[in-house]
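All residue numbers refer to positions in the sequence shown, counting from 1.
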Amino acid sequence: MKQHIPNTITSLNLFSGCVGVVLAFEGQLINAGYAIIIAAIFDFFDGMAARLLKVNSPVGKELDSLADMVSFGFLPSVIIFMMLETNPAIEYGGSWIKYSAFLLTVFSALRLAKFNLDSRQTSIFIGLPTPACALFILSLPHIALSKDPVISAYIQHPVILLALILALSFLLVAEIPLMSLKFKSLQIRPNLHRYILLSVSAVLLLLFQLTAIPFIIIFYLVLSLTQYSKLSQEL
């Protein structure tokens, strides 16, 4: 019975992603973003449950990747697709641009497939994790609702969105070592950068809510790159 608890939580991750896809296609992009957050919470707790209950199965690992593919691979692509679909400026670049959103789905699939086979990614990540990419995407509709018309216009511009799609797709599969938030202990010194990331993230979220997520992701990348030598030794 214990081994089914983590899989049930993973299934709730998948269910949240499916609901989010429906909401996104209906144009409810903000609510679709909340579905990503709910899925991320379930994604966090299924791993925690597996560790606490000391259960581990190949089925659970594969189910987790399949759930992540929907919630953090396909759903974010649909959000950007709908942002491009409803943007009048797309007429100047050709309707094909909106389909570039699904590059994120393709590269998320590659990222998850590599993760399942890569024994190096036990204590660190190689490339941007799919949940981090999805969180970046869910913040875009919030930024688009900014009271500043310049910021709102820029974040919805097809060229900006296309650049973000290409940049995030690259980061998903890039051979760049990035720190994991897995704590082996609560000691300050070995986890200093993790505590810095969590502290800065908490402050930014408190001040700017979900619009702070892109800055948090960028800070996470920069913080990881400052430890490039150390993280490379863990490969």
pair F107-L128: side-chain heavy atoms closer than 4.5 Å: no
Would you say I36 and P76 make side-chain contact, with heavy atoms under 4.5 Å? yes
If you define the side chain from C-beta out and look only at heavy atoms, does anything of F219 sit under 4.5 Å from I196? yes
Report the residues that fulfil side-chain contact (heavy atoms from CB on, under 4.5 Å) with A101, sequence neighbours left out, ordered by chain and then residue number. I80, F81, I165
Group every Ile, Leu, Val, Met, Phe, Trp and Tyr by side-chain heavy-atom contacts under 4.5 Å, then state whether V19 and I9 land in the same group. no
All salt bridge (charged side-chain N to carboxylate O under 4.0 Å, His left out) counterparts of K61, not counting sequence neighbours: none
To which residues is L14 joined in a hydrophobic cluster, defined by side-chain heavy-atom contacts under 4.5 Å among Ile, Leu, Val, Met, Phe, Trp and Tyr, whether direct or through other members? V70
Might you point out which heavy atoms bring G17 and L75 nearest each other, and give the distance in Å? O-CD2, 3.9 Å
For L172 and S108, work out which heavy atoms get closest and say how close. CD1-OG, 3.6 Å
Report the distance from atom CG of L221 to atom CD1 of I176, rounding to the nearest 0.5 Å. 7.5 Å
Decide side-chain contact (heavy atoms from CB on, under 4.5 Å) for T105 and M69; before the verdict, give the C-alpha distance in whole Å, the side-chain angles of both, and the deciding distance to 0.1 Å. CA-CA 8 Å; T105 302; M69 184 65 233; 3.3 Å; yes
Path from L171 to V222 over hydrophobic side-chain contacts below 4.5 Å: no
Nearest 0.5 Å, please: how far is CZ in F136 from OH in Y220? 14.5 Å
Decide yes or no for P214 and L164: does some side-chain heavy atom of the first lie under 4.5 Å from some side-chain heavy atom of the second? no
Do other residues, nucleotides or ligands put more than 12 heavy atoms under 6.0 Å from the CZ atom of F102? yes
Within one Ile-Leu-Val-Met-Phe-Trp-Tyr cluster: M82 and I160, side-chain cutoff 4.5 Å: yes
For S146 and T211: C-alpha separation, side-chain torsions, deciding distance, then whether side-chain contact (heavy atoms from CB on, under 4.5 Å) applies. CA-CA 9 Å; S146 169; T211 59; over 6 Å; no
What's the shortest heavy-atom distance between L104 and S169, and which atoms? CD2-OG, 3.7 Å
Option from D46, I5, D43, L66 for which side chain to side chain contact (heavy atoms under 4.5 Å, CB included) with T10 holds: D46
F42 side, atom CZ; L12 side, atom CG - distance, nearest 0.5 Å: 4.5 Å
Do the side chains of L84 and L23 join up, straight or via other hydrophobic residues, at under 4.5 Å, putting them in one cluster? no
Give the minimum heavy-atom separation between V173 and K114, together with the two atoms involved. O-NZ, 3.2 Å
For F15, I'd like to know if atom CZ has over 12 heavy atoms of other residues, nucleotides or ligands within 6.0 Å. no
Does V22 form a side-chain contact (heavy atoms from CB on, under 4.5 Å) with Q28? I'd like the steps, not just the answer. CA-CA 9 Å; V22 175; Q28 300 183 51; over 6 Å; no
Considering all heavy atoms, the nearest S224-L178 contact: CB-CD2, 3.5 Å
Working to the nearest 0.5 angstrom, can you tell me the gap between L205 CG and L210 CG? 7.0 Å
From the list L112, L135, N13, side chain to side chain contact (heavy atoms under 4.5 Å, CB included) partner of F72 resolves to N13
Would you check, one step at a time, whether the test side-chain contact (heavy atoms from CB on, under 4.5 Å) holds for Y154 with D148? CA-CA 10 Å; Y154 268 108; D148 188 323; over 6 Å; no
In Å and rounded to the nearest 0.5 Å, what is the CZ to OG distance from F208 to S139? 13.5 Å
Less than 3.5 Å apart, any donor N or O on the side chain of D68 or T130 sitting next to an acceptor on the other? no
T226 vs H193 side-chain heavy atoms within contact, under 4.5 Å: yes
To the nearest 0.5 Å, how far apart are CD1 in I143 and CD1 in I151? 8.5 Å
Heavy-atom side-chain proximity of R111 to F115 below 4.5 angstrom: yes
Examine distances only and state if a side-chain atom of S100 and a backbone atom of W96 form a donor-acceptor pair shorter than 3.5 Å. no
Are side-chain heavy atoms of L140 and I79 found at a separation under 4.5 Å? no
Under the 3.5 angstrom rule, does the side chain of S152 hit a backbone N or O of A144 as a donor-acceptor pair? yes
Close side-chain approach of M179 to L197, heavy-atom, < 4.5 Å: yes
Indicate, with yes or no, if L145 and M83 share a hydrophobic cluster defined by side-chain heavy-atom contacts under 4.5 Å among Ile, Leu, Val, Met, Phe, Trp and Tyr. yes
Which pair of heavy atoms, one from A32 and one from G20, lies closest together, and at what distance? CB-O, 3.5 Å
